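This is a predicted model, so every value here is computed, not measured. The basis for the numbers below is simple: all heavy atoms, side chains too, and nothing from hydrogens, waters or symmetry mates. Reminder, nothing fancy here: chain letters follow the sequence lines and each chain counts from 1.
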Protein chains: 2
Amino acid sequence: MEKYKLFDAEYKFASIVWDNEPINSTELVRLCTDKLGWKKSTTYTVLKKLSDRGILQNKDAVVTALVKREDVQKYESNAVVEKSFEGSLPKFLTSFLGERKITEQEAEELKQIIEEAVK
Amino acid sequence: MEKYKLFDAEYKFASIVWDNEPINSTELVRLCTDKLGWKKSTTYTVLKKLSDRGILQNKDAVVTALVKREDVQKYESNAVVEKSFEGSLPKFLTSFLGERKITEQEAEELKQIIEEAVK
DNA sequence: TCCTCAAGTCTATCGCGATAAACCTCGCCT
DNA sequence: AGGCGAGGTTTATCGCGATAGACTTGAGGA
């Protein structure tokens, strides 16, 4: 789903929406000024673009997300494994863990997640 | 290590080097023309930039890598988990796997990698 | 009626990554 | 002594994501 590809600025912006939706657009402008240092028009420009793409929605000055954060995250995770690890999750994991050590407890949690995906 | 951050074009280029090093620079130009559609000067421009950064090396017309592919991959994997998953590997894994199903064998392989990191 | 302010659009500008044109040097061959 | 190709640098140009300035519209209050 190429649709879910967000650029850096877009992702930061969308994150603010996800964290605060539903949110009034003027209030959102204020938040972006605080957290991103954006001017009003910048916020509206990005908001419009994401709305046109069906990612967000601005109706009667109330902004909500049409696409879930999880869906964008899923796209991101797949894209990286695809681009840098030939689509191989094992390769990704090996690289990520590296010499890094994890606790027995963390290992359990990860194995649990993996079990969940076996069917 | 911010040093390992490669842009898209740089990464594609470095990949060709990793796959073929040591390689003569003129030969590398030919490869880039074939695989990336680049002109000679484009190849040299990118090569110089990566050499200046200590990622690659061009000595007596022989190009080699000073930084291992694995190190760049490690940076990439960490960056994504950091940026999109609050640094949480479990969150990344959950998102990546999603409804996707994996075989018992693949699960074993993954668990093996995880075990390796416990200490 | 006029002012204000919320709400939003349209059209730049700007920085930077991606790509390349033009030019240079130097050894080698004829 | 002149051409030629390998090897390389310097200096643009270009596309696009990031950001914003200027302007518009419409409701509500003094």
Please report the distance, rounded to the nearest Å, between [atom1] in [X] and [atom2] in [N].
{"X": "A:Glu27", "N": "C:dC5", "atom1": "CD", "atom2": "C1'", "result": "16 Å"}
{"X": "A:Phe13", "N": "D:dA20", "atom1": "CZ", "atom2": "P", "result": "14 Å"}
{"X": "B:Lys35", "N": "C:dT19", "atom1": "NZ", "atom2": "P", "result": "17 Å"}
{"X": "A:Leu36", "N": "D:dA20", "atom1": "CG", "atom2": "C1'", "result": "14 Å"}

Which nucleotide, C:dG8, C:dT19, D:dG8, lies nearest any side-chain atom of B:Val46?
->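 Output: C:dT19.
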
Mind listing the N/O atom pairs, protein and nucleotides 15-18 of chain C, below 3.5 Å?
unit_1: C:dA18; atom_1: OP1; unit_2: B:Asp8; atom_2: N; d: 3.4
unit_1: C:dA18; atom_1: OP1; unit_2: B:Ala9; atom_2: N; d: 3.2

Using a heavy-atom cut-off of under 4.0 Å over every strand shown, decide if A:Asp60 touches base, sugar-phosphate, or nothing.
->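 No contact.
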
Identify, with sequence neighbours excluded, every residue that meets side-chain hydrogen bond (donor to acceptor under 3.5 Å, both in side chains) alongside [X].
{"X": "A:Glu27", "result": "A:Arg30"}
{"X": "B:Glu86", "result": "B:Lys91"}
{"X": "A:Lys40", "result": "none"}

Qualifying side chain to side chain donor-acceptor pair (under 3.5 Å) pairs with a residue from residues 58-72 of chain B, counting only residues at least two apart or across chains =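 Matches after skipping sequence neighbours: B:Asp19-B:Arg69.
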
Taking only Lys NZ, Arg NE, NH1 and NH2, and the carboxylate oxygens of Asp or Glu, determine whether A:Lys111 and B:Glu115 approach each other closer than 4.0 Å.
->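 Result for this pair is yes, salt bridge flagged.
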
Excluding sequence neighbours, so at least two apart, what forms side chain to side chain contact (heavy atoms under 4.5 Å, CB included) with A:Leu36?
->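 A:Leu36 satisfies side chain to side chain contact (heavy atoms under 4.5 Å, CB included) with A:Lys12, A:Ile16, A:Cys32, A:Trp38 once adjacent residues are dropped.
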
Protein-nucleotides 9-11 of chain C N/O pairs under 3.5 Å:
none

For residues 99-119 of chain B, pull every pair meeting ring-ring contact (aromatic ring centres under 6.0 Å, His included), keeping only residues two or more places apart or in separate chains.
->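 Sorted pair list comes back empty.
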
How would you list all residue pairs meeting ring-ring contact (aromatic ring centres under 6.0 Å, His included) that involve residues 85-119 of chain B, not counting sequence neighbours?
->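 Residue pairs passing ring-ring contact (aromatic ring centres under 6.0 Å, His included), neighbours aside: A:Phe92-B:Phe92, B:Phe85-B:Phe92.
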
